[in-house]
Amino acid sequence: MSILPDLKERFRDALTGRADDVDELLDLIRRSGDPKFGDYQANFAMSLGKRTGRPPREVAAEVVERLDVADICRPPEIAGPGFINLRIRDDWLIARLSAAVTDSRLGVRQTPRPRTYVVDYSAPNVAKPMHVGHIRSTVIGDALCRMLRFLGHKVISDNHLGDWGTQFGMIIYGYKHFLDRSAYRASPVQELARLYKLVRRLMDYHEGRSQFPKLTEQVAQQADALQRNREEAGPRPDKKTAQTLRRQESSLAEARDELAELRQKLDAVKADPLLSRQVAEHSGIGAAVLAETARLHEGDEENLRLWREFLPACEDEIDRVYGRLNVTFDHTLGESFYQNRLAATVDGLVHEGIARESDGAICVFLDGQDVPMLIRKKDGAFLYATTDLATIRFRMEQFAPDAILYVVDHRQSLHFEHLFATARLMGYKDIELQHVSFGTVLGDDGRPFKTRSGDTVGLEGLLDEAVRRAGAIVAANDDAKLDGPEIPPEQRAEIAERVGIAALKYADLSQNRTSDYVFSYDKMLAMNGNTATYMQYAYARVRSIFRKGNVDIEALRASGAPIVLGSPAERALGLEILRLADVLELAVCDYRPNQLTAYLFDLANRYSAFFEQCPVLKAETGQLRQSRLLLCDLTARTICKGLELLGIDVVEKM
RNA sequence: GCCCCUGUAGCUCAAUUGGAUAGAGCAUCGGCCUUCUAAGCCGAGGGUUGCAGGUUCGAGUCCUGCCGGGGGUACCA
């Protein structure tokens with residue numbers, strides 16, 4: 001059981017009647033930043049004093065006077081401008097820790113006010129190879145689901161698969177023109193992936209070639225304009241002009257890079273005899289692919305049959321990745337699920353006067369937005385905004401959630417602004433609609449990973465590489481053990497899998513989700529610092545102690561042996577263990593798993609310090625040994641639970 | 001043009017949402033393995049939190065203006 005809720009209750013009693021926003025004031029009670037200010041601190045006296053026009057220290061003194069915390073803390077101290085510093089009594093800590101020993105939830109209470117959450121995450125486009133960019137949504141969404149569930153909320157996870165888009169037009173076209181039958185029989189997934197890449201490449205070629213002259217022209221024009229502006233500006237341009245010039249320069253450089261890249265791509269195709277023949281034979285491929293897609297959407301029998309044939313293979317492919325990532329969904333209702341609800345959605349919005357026709361398209365115009373949200377194109381086709389609206393309607397009817405979370409990268413924020421505003425107009429007012437946005441996955445060059453080029457690193461290759469590197473490290477570590485290796489070779493592979501996948505997921509979860517994520521093998525697979533490996537290592541070291549000491553853990557827990565917090569390292573560890581509940585509350589409130597990873601890192605650090613300073617099996621007395629074993633057990637269980645809530649496994653040995 | 005995000009140690013990132021002396025990891029330097037896993041621990045150096053104002057007991061965090069980076073911006077998702 002954590003400490004903060006109890007402190008808050010006591011302060012509530014002391015504050016009631018003296019302020020009208022007691023809850024806000026209670027939120028200002030938190031852990032102290034520095035041990036010399038105690039374990040917890042209450043920071044509300046300053047603002048309360050301000051409002052009542054009285055010296056904050058006096059206010060603090062008065063609150064302390066009325067405060068009854070003698071059983072929890074030593075006498076509170078007032079410091080600085082009016083901080084109330086609290087140091088928790090050891091016997092209180094011990095009582096809480098002892099209660100956690102026999103509690104399967106480690107003292108974390110279920111929420112008294114459970115909500116229903118729909119969490120929308122992962123959502124890859126099937127039939128396109130999954131790549132590194134899909135990890136973030138998948139991993140963050142999964143962690144949020146796990147945390148919310150653990151806290152007692154009802155969570156419905158839904159993978160809004162892209163299973164109805166142009167990519168199917170592409171593989172249908174590829175199937176009809178380029179199929180290698182025996183390869184398809186042997187491995188449909190692989191052959192479909194090949195077809196996708198091939199068609200993508202041919203389309204890119206034609207698109208690129210048609211754009212080439214325009215782009216060349218643009219570059220020339222930009223260069224001219226820049227030259228002219230430079231001359232006009234003279235040798236000492238003013239600030240504004242200088243800025244404009246700089247922008248033009250960087251824009252020109254970008255355009256030149258783009259042009260060079262395009263030329264390279266075109267040349268590569270021309271250099272390949274087979275490709276250049278295919279390119280020539282399929283000059284209308286772009287339009288043809290769109291036509292195949294349109295036929296599918298119109299219900300064309302053959303295309304529908306092919307779609308039904310391809311889909312399971314595509315799903316098997318992504319399911320394999322989900323299996324390795326240990327990610328599951330309650331529902332996988334993709335775009336195709338909603339396709340027969342789209343027309344009604346648009347009609348409904350028009351009927352209610354929310355949407356109207358403009359330039360041939362059906363649009364929702366929103367207050368304060370200079371561009372409308374399009375829900376039907378002038379050619380009659382629907383857009384992803386349409387699907388998203390139909391999805392909201394369906395989810396409201398089916399699940400009646402209190403909140404829908406969209407774990408989607410931040411570039412789509414405008415779309416969600418539109419979407420949510422429209423949902424409000426549709427009458428969905430009492431629901432939290434939340435874009436849980438995250439930064440873009442960037443390459444080493446600092447530019448976004450491209451989904452289009454077929455030759456980006458596939459997600460699965462990435463997993464393999466992570467596991468391979470982890471395997472090398474596990475082996476080296478085991479070989480270096482003083483008492484000789486303890487892990488048989490066949491177990492090493494499984495440990496490597498767990499360590500490698502964990503490193504990958506944790507690297508993503510431990511970063512503040514709002515910042516961009518620079519993908520790098522080395523960073524992801526670094527085994528030091530705030531990483532899954534460090535946590536798994538701390539866990540494995542605890543388990544090793546129990547093995548070496550032949551400790552019967554169940555008996556230990558049931559023994560009722562007293563916990564002793566004699567040394568600073570033990571006390572610090574105990575205090576840290578009790579923070580889990582507070583941290584989960586915090587993490588869930590902003591949908592930020594990195595709050596939890598930061599906590600686990602602190603906990604593992606505290607444990608390492610304890611591990612160095614406090615012999616467990618060779619403790620001075622039997623009682624101390626029991627106490628320390630209990631602390632070890634609590635630490636291991638807390639780490640294990642924390643990692644579990646992040647979707648990460650522990651290992652017994654490493 | 002307009003809108004959104006962003007700027008923190010050499011590098012990669014934190015900072016409990018306005019709290020006390022801005023913290024980690026990597027890299028650098030110096031100590032710790034005859035003792036429960038050294039993937040570890042202890043210590044050192046490294047900062048005008050882009051710049052300038054403002055708000056107040058108190059600002060990396062809030063407001064204004066500049067400078068820089070990214071993203072979005074009517075028929076892709």
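Letters A, B, ... are given to chains in the order of the sequence lines, protein chains preceding strands, and every chain is numbered from 1.
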Describe the nucleic acid contact of A:Leu414 in one word from base, sugar-phosphate, nothing, applying a heavy-atom distance below 4.0 Å.
-> sugar-phosphate
Mind checking A:Cys614 for me? I need base, sugar-phosphate or nothing, with any heavy atom below 4.0 Å counting as a touch.
-> base
Using the [atom1] atom in both, what is the distance from [N] to [M], to the nearest Å?
{"N": "B:A59", "M": "B:G71", "atom1": "P", "answer": "34 Å"}
{"N": "B:C63", "M": "B:G70", "atom1": "P", "answer": "24 Å"}
{"N": "B:G30", "M": "B:A20", "atom1": "C1'", "answer": "32 Å"}
{"N": "B:G19", "M": "B:G60", "atom1": "P", "answer": "10 Å"}
{"N": "B:U48", "M": "B:U73", "atom1": "P", "answer": "38 Å"}

Ignoring the backbone of [X], work out which of [options] is nearest its side chain.
{"X": "A:Val616", "options": "B:G40, B:G71, B:C36", "value": "B:C36"}
{"X": "A:Cys363", "options": "B:A77, B:A24, B:A74", "value": "B:A74"}
{"X": "A:Phe365", "options": "B:A74, B:A20, B:U56", "value": "B:A74"}
{"X": "A:Gln41", "options": "B:G40, B:A20, B:G71", "value": "B:A20"}
{"X": "A:Met654", "options": "B:A20, B:A74, B:A39", "value": "B:A39"}
{"X": "A:Met46", "options": "B:G19, B:U35, B:A39", "value": "B:G19"}
{"X": "A:Tyr534", "options": "B:G40, B:A74, B:C76", "value": "B:G40"}

Without swapping roles, check the side chain of [X] against the backbone of [Y] for a donor-acceptor pair under 3.5 Å.
{"X": "A:Ser544", "Y": "A:Ala540", "result": "no"}
{"X": "A:Ser122", "Y": "A:Asn159", "result": "no"}
{"X": "A:Gln167", "Y": "A:Val126", "result": "yes"}
{"X": "A:Arg625", "Y": "A:Leu617", "result": "yes"}
{"X": "A:Thr386", "Y": "A:Ile375", "result": "yes"}

Could you pull out the protein-nucleic contacts involving nucleotides 28-31 of chain B (nitrogen or oxygen on both sides, under 3.5 Å)?
none

Interatomic spacing from [atom1] in [X] to [atom2] in [Y] - rounded to 0.5 Å:
{"X": "A:Phe610", "Y": "A:Leu603", "atom1": "CZ", "atom2": "CG", "answer": "11.5 Å"}
{"X": "A:Arg31", "Y": "A:Leu86", "atom1": "CZ", "atom2": "CG", "answer": "14.0 Å"}
{"X": "A:Asn605", "Y": "A:Leu573", "atom1": "CG", "atom2": "CG", "answer": "11.5 Å"}

Nucleic acid contacts - residues 540-549 of chain A versus RNA chain B, non-hydrogen atoms under 4.0 Å = A:Ala540, A:Arg541, A:Ser544, A:Ile545, A:Lys548
Listed in order of residue number, which residues of residues 602-612 of chain A have a non-hydrogen atom at under 4.0 Å from RNA chain B?
-> A:Asn605, A:Ser608, A:Phe611, A:Glu612
Taking only the side-chain nitrogens and oxygens of [X], find out if one of them lies under 4.0 Å from OP1 or OP2 of [N].
{"X": "A:Lys653", "N": "B:U37", "value": "no"}
{"X": "A:Tyr537", "N": "B:A39", "value": "yes"}
{"X": "A:Asn477", "N": "B:A39", "value": "yes"}
{"X": "A:Asn125", "N": "B:A77", "value": "no"}

Find the distance [X]:[atom1] to [N]:[atom2] and express it as a whole number of Å.
{"X": "A:His435", "N": "B:G72", "atom1": "NE2", "atom2": "P", "result": "13 Å"}
{"X": "A:Leu586", "N": "B:A15", "atom1": "CG", "atom2": "C1'", "result": "12 Å"}
{"X": "A:Asn530", "N": "B:A15", "atom1": "CG", "atom2": "P", "result": "11 Å"}
{"X": "A:His415", "N": "B:C4", "atom1": "NE2", "atom2": "C1'", "result": "16 Å"}

Does any donor atom in the side chain of A:Thr635 or A:Arg606 lie under 3.5 Å from an acceptor atom in the other side chain?
-> no
State whether a side-chain donor-acceptor pair under 3.5 Å links A:Asp388 with A:Tyr338.
-> no
Tell me if the centroids of the rings in [X] and [Y] come within less than 6.0 Å of each other.
{"X": "A:Phe11", "Y": "A:Tyr40", "answer": "no"}
{"X": "A:Phe416", "Y": "A:Tyr406", "answer": "yes"}
{"X": "A:Tyr534", "Y": "A:Tyr537", "answer": "no"}
{"X": "A:His160", "Y": "A:Tyr384", "answer": "no"}

Sort by first number and list every stem of RNA chain B: at least 3 consecutive Watson-Crick or G-U wobble pairs, both distances under 3.5 Å.
-> B:1-7 with B:67-73, B:10-13 with B:23-26, B:28-32 with B:40-44, B:50-54 with B:62-66
If you pin A:Phe601 and A:Phe83 to their nearest nucleotides in RNA chain B, which one's is more 5'?
-> A:Phe83
Short N-O contact, A:Asp479 and A:Arg492, less than 4.0 angstrom | yes
Decide, yes or no, whether a salt bridge links A:Asp204 with A:Arg200 under the criterion of side-chain N to carboxylate O below 4.0 Å.
-> yes
Closest approach of A:His134 to A:Asn125 (non-hydrogen atoms, all atoms of both residues) | NE2-N, 4.4 Å
Glycosidic conformation of B:C11, syn or anti, with 90° from 0 as the boundary?
-> anti
So salt bridge (charged side-chain N to carboxylate O under 4.0 Å, His left out) across residues 504-518 of chain A, not counting sequence neighbours, yields A:Arg136-A:Asp508
Sugar-phosphate means primed atoms, P, OP1 and OP2; the rest is base. With that split, encode nucleotides 7-14 of chain B 5' to 3' as B, S or - using protein heavy atoms under 4.0 Å.
-> -----SSS
